[in-house]
Amino acid sequence: MNVAKIYLASPRGFCAGVSRAIDIVDVVLKKHGKPIYVRHHIVHNDHVIKGFEKRGVIFIERIEEVPQGSVIVFSAHGSSPELYNLAKERNLTVYDATCPLVTKVHLEAKRYASEGYYIAYIGHKNHPEATGVMGEVPKDSIMLIDSLRDVNNLKVSASKRMIVLTQTTLSVDDTKLIVNEIRKKYPHAILPPAFDICYATQNRQNAVKELAKKTEIIFVVGSKTSSNSNKLRDVAVKQGIEAYLINDKTEIDPKWLEGKSIVGVTAGASAPDELIDEVINYLSNKKTVVEEITTIKESIIFPLPKNL
Ligand code: SF4
């Protein structure tokens with residue numbers, strides 16, 4: 001391995017929603033003591049999850065698994081109203097770590113459905129964020145669009161008003177293609193005032209495009225279950241660069257680096273800094289130069305919920 005230069009994307013790693021969700025679990029643990037329950041992985045990062053498990057957090061998928069009267073945190077990805085009702089029935093103390101930018105999409109879905117709009121929701125099948133948004137409105141007022149092909153299955157009368165909403169962590173470019181396809185079929189379909197793909201997703205994708213201009217290979221630190229991390233890898237590959245999504249340094253195959261000396265490193269919104277640092281240390285020798293490429297400075301912070 002002979003890496004002469006490492007370009008580091010900035011922004012990379014934790015976004016405001018992930019930092020807030022992790023802080024919420026931390027504060028709830030200190031306030032109530034273990035065990036506490038978290039519905040779904042609080043953020044999609046294996047290292048974060050293992051760290052919390054060691055401290056007494058029990059991650060569950062079904063509310064029915066939580067003993068009556070326990071403390072539960074709902075994950076950053078958002079949850080459907082049905083889950084809040086189930087938690088109430090079991091007399092659970094609920095803390096909500098839903099990212100405020102996901103909550104915004106929930107509110108949009110509810111508002112537009114109540115005004116009679118049909119919702120074309122661009123998102124991933126079985127992703128908790130998509131399930132949460134879909135659960136906010138009657139089934140016959142929304143359809144999940146996971147790919148361009150799904151647009152063919154939209155069978156809504158042309159006279160019906162339509163709104164396009166999206167999951168927050170998609171590829172900006174792919175989503176624009178799907179939106180254009182929907183608008184070809186339904187020219188009257190509208191977008192919400194602000195595109196729902198979140199600032200962190202957009203900024204990290206812009207940054208990885210800059211990284212791709214200067215590097216021979218890119219490593220994206222993040223878990224395979226992380227939507228925004230997968231998209232970062234996809235964006236890099238679409239720029240014509242070899243790119244790998246890795247949980248940590250142990251997943252780097254030295255063969256990938258044969259004949260390459262200029263490496264790019266970035267990280268999904270749920271990847272902790274220490275994993276990124278470990279990757280940089282692993283790739284570096286005494287002569288390696290590390291340079292950050294900053295495309296935008298982020299300063300967004302979300303406050304903790306009022307009940308904490
Ligand atoms: S990626 Fe965006 S929507 Fe998801 S938690 Fe971070 S800020 Fe919120």
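Atoms within each ligand, like the ligands themselves, are counted from 1 in listed order.
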I'd like to know if Asp173 pairs up with Lys209 as an ion pair, taking the criterion as any Lys NZ or Arg NE/NH1/NH2 lying under 4.0 Å from an Asp or Glu carboxylate oxygen. yes
Heavy-atom contacts with Thr168 under 4.0 Å: which atoms of ligand 1 show up? List them by number with element. 3 (S)
In the protein, which heavy atom is nearest to atom 6 (Fe) of ligand 1, and how far is it? Cys15 SG, 2.2 Å
Under 4.0 Å, heavy-atom basis, I'd like to know which part of Ala76 is in contact with ligand 1: side chain, backbone, both or neither. neither
Cys198 heavy atoms within 4.0 Å reach ligand 1 at atoms 1 (S), 2 (Fe), 3 (S), 7 (S)
Between Arg233 and Asn230, does the side-chain hydrogen bond (donor to acceptor under 3.5 Å, both in side chains) criterion hold? Intermediate values first, please. CA-CA 5 Å; Arg233 192 257 331 272; Asn230 277 289; 3.2 Å; yes
Regarding Gln167 and His124, is there a side-chain donor-to-acceptor distance under 3.5 Å anywhere? no
Neighbour count >12 (heavy atoms, 6.0 Å) for atom CD, Glu82: no
Arg161 charged N/C atom sitting above Tyr117 aromatic ring, 6.0 Å / 45°: yes
Which protein non-hydrogen atom lies closest to atom 8 (Fe) of ligand 1, naming both residue and atom, and how far is it? Cys99 SG, 2.3 Å
